[in-house]
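Working notes, beginning with the structure itself.
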Amino acid sequence: MSKLPPSFYTRPDSVTIARELLGKHFYSSFDGVLTGGMIVETEAYSGENDAACHAHLGRRTKRTQIMYETGGISYVYLIYGIYSLFNIVTNTAGTADAVLIRAIEPTEGLPEMQLRRGLTKIEPRLTAGPGLVTQAMGISTVHNGVSLFGNEIWLEDRGDSFSDEEIIAGPRVGVAYAGADALLPWRFSVKGSKWVSKAKPKY
DNA sequence: ACAGAGATGTACT
DNA sequence: GTACATCTCTGTG
């Protein structure tokens with residue numbers, strides 16, 4: 001299939017990219033095991049001007065430096081000591097934009113993902129949430145900085161897309177500390193999909 | 001159904 | 001020491 005090209009990721013507006021990622025397919029392949037599905041929920045983060053972004057005010061640390069790279073690589077970090085959250089770095093080198101993948105509709109490697117999640121049946125809890133997607137797909141912080149043009153983690157356009165009427169734009173989850181920026185409608189999800197996370201932003 | 005708490009590593013004050 | 005782009009489990013209605 002057709003992997004998303006570098007030109008998809010290097011564009012300057014992470015909000016547009018987050019919106020367009022709905023319907024794209026997200027895959028991982030480790031030790032010959034292919035898992036993944038269609039993206040149904042994302043959030044945009046916009047570098048130094050975004051109080052919710054780890055790179056707010058141009059912050060550069062060991063953790064955030066990867067976000068300043070050219071778009072098309074992963075940014076994976078550990079949250080709450082337990083969960084790995086997978087982001088796609090966007091924009092050109094020197095900017096620190098990223099898009100968080102929050103939920104997918106599983107299509108590949110269902111048995112393996114179910115095993116990794118420790119579930120007895122296929123249900124939304126398999127991949128409905130950023131910490132759950134990574135667990136199901138076997139992604140952890142060791143995959144920070146991985147190219148999305150290689151053979152471990154990548155995205156494809158398989159012809160699925162959604163009109164504006166089929167998409168919900170709302171505030172991001174878990175970023176109340178960001179003040180006014182927490183209200184920005186930078187979380188996108190597919191309306192009516194049972195695979196979207198249940199999390200609700202707090203104001 | 002909803003609320004509260006615990007889990008547990010890394011970054012940063 | 002505190003906070004964190006989360007999720008699960010347990011107790012209560």
Side-chain angles (χ1 to χ4, degrees), chain A residues 9 13-19 21-22 26 39-69 71 73-91 95-104 106 113-146 153 168-189 194-203:
Chain A
Y9 302 108
D13 185 1
S14 62
V15 178
T16 296
I17 295 173
R19 156 74 177 79
L21 280 170
L22 297 180
F26 176 35
I39 296 169
V40 295
E41 184 179 353
T42 62
E43 279 178 5
Y45 288 84
S46 184
E48 62 183 43
N49 298 318
D50 177 5
C53 183
H54 293 157
H56 181 45
L57 301 180
R59 163 174 281 153
R60 277 181 186 268
T61 65
K62 187 172 182 181
R63 179 173 73 160
T64 64
Q65 63 179 356
I66 200 71
M67 281 202 282
Y68 292 87
E69 300 287 316
I73 58 175
S74 66
Y75 166 44
V76 186
Y77 71 95
L78 192 69
I79 188 70
Y80 301 117
I82 302 175
Y83 298 101
S84 298
L85 268 54
F86 176 86
N87 300 253
I88 293 165
V89 174
T90 67
N91 212 333
T95 61
D97 297 356
V99 176
L100 170 68
I101 303 301
R102 290 192 54 88
I104 68 171
M113 293 200 284
Q114 184 181 330
L115 189 66
R116 286 169 175 162
R117 291 279 298 111
L119 299 180
T120 55
K121 63 187 180 74
I122 300 299
E123 55 183 308
R125 278 167 62 213
L126 187 68
T127 55
L132 304 184
V133 170
T134 54
Q135 193 174 53
M137 292 177 62
I139 294 171
S140 69
T141 53
V142 305
H143 304 293
N144 187 41
V146 169
I153 303 173
I168 297 170
R172 293 173 291 182
V173 178
V175 297
Y177 62 87
D181 285 350
L183 301 177
L184 294 169
W186 287 2
R187 174 195 185 207
F188 298 96
S189 61
K194 67 175 182 177
W195 300 101
V196 170
S197 79
K198 311 296 185 283
K200 291 195 183 86
K202 295 177 196 144
Y203 299 94

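So that the names make sense, note that chain A is the first sequence line, chain B the second, and so on, each numbered from 1.
If you take CG of A:Leu132 and C1' of C:dA5, they are 14 Å apart, rounded to a whole angstrom. Separating the OH atom of A:Tyr80 from the P atom of B:dT10 is a distance of 17 Å, rounded to the nearest angstrom. Across the protein-nucleic acid pair, A:Glu41 atom CD and C:dA5 atom C1' stand 11 Å apart, rounded to whole Å. Remark: P of B:dT10 and NZ of A:Lys62 are 10 Å apart, rounded to the nearest angstrom. Spacing between atom CG of A:Leu78 and atom P of C:dA3 amounts to 18 Å, rounded to whole angstrom units. Rounding to whole angstrom units, CD1 of residue A:Ile79 and P of C:dT2 are separated by 18 Å. The CD1 atom of A:Ile82 sits 12 Å away from the C1' atom of C:dC9 (whole-angstrom rounding). Here B:dA11 presents its P atom at 13 Å from CE of A:Met67, a figure rounded to the nearest Å.
Counting heavy atoms from C-beta outward, A:Tyr45 and A:Val175 have side chains that approach closer than 4.5 Å.
Partner assigned to C:dA5 is none, using Watson-Crick or G-U wobble distances below 3.5 angstrom. The partner of B:dT8 cannot be assigned: no Watson-Crick or G-U wobble pair with both contacts below 3.5 Å exists in any strand.
Listed pair A:Ser197 / C:dT6 fails the phosphate criterion, with no side-chain N or O lying under 4.0 Å from OP1 or OP2. Contact annotation: A:Tyr177 side-chain N/O to C:dA5 OP1/OP2 distance is under 4.0 Å. Proximity of A:Arg59 to the phosphate of B:dT13: a side-chain N or O atom is located under 4.0 Å from OP1 or OP2. Residue A:His54 places at least one side-chain N or O closer than 4.0 Å to OP1 or OP2 of C:dA5.
For B:dG6 and C:dT2, the P atoms lie 15 Å apart once the distance is rounded to whole Å. Comparing B:dA3 with C:dA5, their C1' atoms are spaced 22 Å from each other, to the whole Å.
Taken to the nearest 0.5 Å, the CD1 atom of A:Ile88 stands 11.5 Å off from the CD1 atom of A:Ile73.
Checking each of A:Tyr77, A:Tyr68, A:Tyr177 against A:His54 for a ring pair (Phe, Tyr, Trp, His ring centres under 6.0 Å) leaves exactly one that passes, namely A:Tyr77.
Formation of a donor-acceptor pair under 3.5 Å by the A:Arg102 side chain with backbone atoms of A:Glu41 is not found in this model.
Within a 6.0 Å sphere centred on NZ of A:Lys198, other residues, nucleotides and ligands contribute more than 12 heavy atoms.
When distances run from any side-chain atom of A:Tyr77 to the nucleotides C:dT6, C:dC9, C:dA5, the shortest one goes to C:dA5.
Note on A:Arg117: only backbone sugar-phosphate atoms sit closer than 4.0 angstrom, heavy atoms only; bases stay farther off.
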